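Report on the following structure.
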There are 2 protein chains.
Amino acid sequence: MTRAAPERHADILAAAGRRFAQSGYRGTSLQDIAADVGCSKAAVLYHFADKKAILAELVARPIDQLRELDERIAGASNPAEAQRIAAEGFVDLAVRFRRETAFLRGEFPGLFQQPPFSHLQHIPDRLVHAFAGHSDRPAARVAALVILAGIAETCGEFIDLPEAELRPALLVLVRRALEPVN
Amino acid sequence: MTRAAPERHADILAAAGRRFAQSGYRGTSLQDIAADVGCSKAAVLYHFADKKAILAELVARPIDQLRELDERIAGASNPAEAQRIAAEGFVDLAVRFRRETAFLRGEFPGLFQQPPFSHLQHIPDRLVHAFAGHSDRPAARVAALVILAGIAETCGEFIDLPEAELRPALLVLVRRALEPVN
DNA sequence: AGCATGCCTGACCGATCGGTCAGATGCCGA
DNA sequence: TCGGCATCTGACCGATCGGTCAGGCATGCT
């Protein structure tokens with residue numbers, strides 16, 4: 001059954017996203033995707049140059065979402081509003097980001113140090129500031145990025161700090177989180 | 001070149017661990033492992049029943065390490081000592097655990113809800129208590145497990161709580177971590 | 001009606017995978 | 001010295017992979 005190109009394109013992306021998230025990139029065959037979409041493997045390769053191209057288009061989306069959040073914060077009417085947007089959007093983004101990109105971590109180590117993901121190290125300056133106030137304490141920045149990326153520094157993702165500096169920061173973070181309420 | 005069985009066994013495990021961490025399980029062939037060890041693919045399959053058996057033996061180790069930490073805490077001479085061991089060991093274990101099992105997450109989603117990993121939900125009771133004091137606040141427990149597993153709850157790993165309850169706990173955790181020092 | 005174009009198919013290709021097997025090699029005790 | 005066992009090898013197998021290709025079938029324009 002023939003469909004218009006944009007719809008097929010979107011269908012393939014959606015099916016691939018589900019499959020990749022469930023079975024990983026290498027664990028998903030073009031045949032799997034084609035079966036979900038309801039077409040032949042060759043049809044999938046008619047809409048995408050190769051398997052890598054599907055992945056590339058998929059992984060570009062979290063970057064866009066982070067930029068959108070950044071823009072929403074930039075457009076906030078006052079600092080309190082910005083902080084509220086940042087706090088909720090940050091956690092929400094972290095949760096979604098982790099879930100949607102989990103399959104990449106095992107199969108493509110180092111991917112997050114390369115573009116476009118490496119931009120994540122620099123983009124969220126305003127976002128971190130809105131969230132952590134204007135504190136320039138490294139611990140606040142580390143903590144924010146830790147939450148964003150999900151203790152990602154343990155894999156050396158995003159945070160460009162030697163492990164000797166990261167461990168104490170992480171320890172402070174944990175101790176704080178566990179302090180009893182006053 | 002022939003080697004004694006225990007040494008070969010260990011060599012293969014070590015090589016496989018490095019390869020899996022770098023390229024994932026499916027991204028590593030038995031040929032890759034054999035080449036690193038310096039023997040034939042068939043020799044690898046002489047020491048291990050199949051590829052899965054290598055993985056199974058590898059992933060059993062973090063579980064052992066967690067049990068060792070638990071035992072060290074149990075053997076502490078006083079609560080302060082126990083807390084010190086827990087705090088440092090906890091972060092260290094989390095970092096190593098994340099690094100050594102990162103390749104599993106994308107390729108085997110749901111693995112951490114199954115034995116032996118699912119035991120991690122129950123084993124660290126003493127560990128969490130030593131770390132968080134004797135607080136029974138759910139937030140403290142969640143925070144401890146979050147650090148242990150690296151925001152793992154975002155993938156639904158380990159922490160058996162509906163997302164509706166996890167999000168606020170995570171938000172509290174972030175806000176606390178970013179509070180200015182008094 | 002004829003033709004071009006967009007979308008798609010089934011058949012096929014070479015490469016690589018995990019795993020098997022018969023036999024070679026080396027060592028060690030009888 | 002000989003036989004048996006542990007260790008290992010190269011050749012081979014069927015399955016699956018990503019990707020290619022020639023052609024089919026609509027649709028819409030001329």
Side-chain angles (χ1 to χ4, degrees), chain A residues 1-60 103-109 111 114, chain B residues 1-60 101 103-111 114:
Chain A
M1 187 200 343
T2 282
R3 279 196 85 183
E7 282 82 352
R8 261 291 195 252
H9 193 90
D11 288 348
I12 294 171
L13 272 185
R18 283 191 301 268
R19 283 282 190 173
F20 288 165
Q22 187 171 11
S23 311
Y25 176 74
R26 280 187 253 255
T28 298
S29 68
L30 293 173
Q31 182 57 54
D32 293 333
I33 299 171
D36 289 356
V37 170
C39 64
S40 71
K41 185 180 64 168
V44 171
L45 289 169
Y46 171 79
H47 291 276
F48 291 88
D50 50 23
K51 195 185 177 189
K52 288 197 315 284
I54 305 178
L55 178 62
E57 210 159 306
L58 266 179
V59 299
F103 71 94
L104 294 169
R105 290 159 206 285
E107 299 181 85
F108 305 99
L111 180 71
Q114 301 163 12
Chain B
M1 183 199 348
T2 282
R3 280 196 83 183
E7 282 82 354
R8 261 293 193 248
H9 193 90
D11 288 347
I12 294 170
L13 272 185
R18 282 190 302 268
R19 284 281 190 170
F20 288 167
Q22 187 171 9
S23 311
Y25 177 74
R26 281 187 254 254
T28 299
S29 69
L30 293 173
Q31 182 58 52
D32 292 333
I33 299 171
D36 288 356
V37 170
C39 66
S40 70
K41 185 180 65 170
V44 172
L45 289 169
Y46 171 79
H47 291 277
F48 291 86
D50 50 25
K51 195 185 177 189
K52 288 196 316 284
I54 305 177
L55 179 62
E57 211 160 303
L58 266 179
V59 299
T101 64
F103 72 94
L104 295 169
R105 291 160 206 282
E107 300 182 85
F108 304 100
L111 180 71
Q114 301 162 13

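In this text, all values refer to a predicted model and were calculated from it rather than measured experimentally. Letters go in sequence order (proteins before strands), and every chain restarts at 1. No hydrogens, no waters, no symmetry mates; every other heavy atom, side chains included, goes into these values.
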Next item on the list: Figure out the CD/C1' separation between B:Q31 and D:dG10, and round it to whole Å.
Entry: 11 Å
Checklist line | Out of D:dG18, C:dC8, D:dT9, whichever nucleotide has its closest atom nearest the side chain of A:R8 | finding: C:dC8
Notebook entry, point to check: Does a side-chain N or O from B:H47 land closer than 4.0 Å to OP1 or OP2 of D:dC8, or not?
Noted result: yes
Item checked: Value in whole Å for how far the C1' atom of C:dC8 lies from CG of A:D11 -> 15 Å
Next item on the list: Give, for atom OG1 of B:T28 and atom CD of A:E107, the distance between the pair rounded to the nearest 0.5 Å.
Entry: 10.5 Å
Margin query: If I take atom CG in residue A:L55 and atom P in nucleotide D:dG19, what distance separates them, rounded to the nearest angstrom?
Written below: 12 Å
Checklist line | B:L30 side chain reached by B:I54 side chain, heavy atoms, under 4.5 Å | finding: yes
Next item on the list: Starting from C1' on C:dG6, measure out to CD on A:E7 and report it in whole angstrom.
Entry: 14 Å
Item checked: Integer-rounded Å distance: C:dT16 P and A:R26 CZ -> 14 Å
Note to self: Could you tell me how far apart B:H9 (NE2) and D:dT7 (C1') are, to the nearest whole angstrom?
What the structure shows: 15 Å
Margin query: Considering every strand and a 4.0 Å limit on heavy-atom distances, what is the contact class for B:L45: base, sugar-phosphate, or nothing?
Written below: base
Notebook entry, point to check: Separation of B:D50 atom CG from C:dC17 atom P, in whole Å?
Noted result: 17 Å
Note to self: Given C:dT9, D:dC8, C:dG6, identify the nucleotide with an atom nearest to the side chain of A:Y46.
What the structure shows: C:dG6
Margin query: By nearest heavy atom, map B:A42 and B:K51 onto DNA chain C; which one lands nearer the 5' end?
Written below: B:K51
Margin query: Here's one to test your reading of the geometry: is the NZ or CZ of B:R26 within 45 degrees of the ring axis of B:F108 and under 6.0 Å from its centre?
Written below: yes
Next item on the list: Tell whether B:K41 reaches the base of C:dG18 with its side chain through a donor-acceptor pair below 3.5 angstrom.
Entry: yes
Margin query: Nearest 0.5 angstrom please: A:I33 CD1 to A:R19 CZ, how far?
Written below: 8.5 Å
Margin query: Could you tell me if A:K51 sits above the aromatic ring of A:Y25, with its cationic atom closer than 6.0 Å to the ring centre and no more than 45 degrees from the axis?
Written below: yes
Item checked: B:S29 side-chain proximity, nearest of C:dC17, C:dG10, C:dT20 -> C:dC17
Check: Starting at CG of A:L30 and ending at P of D:dG18, how long is that distance when rounded to a whole Å?
Finding: 4 Å
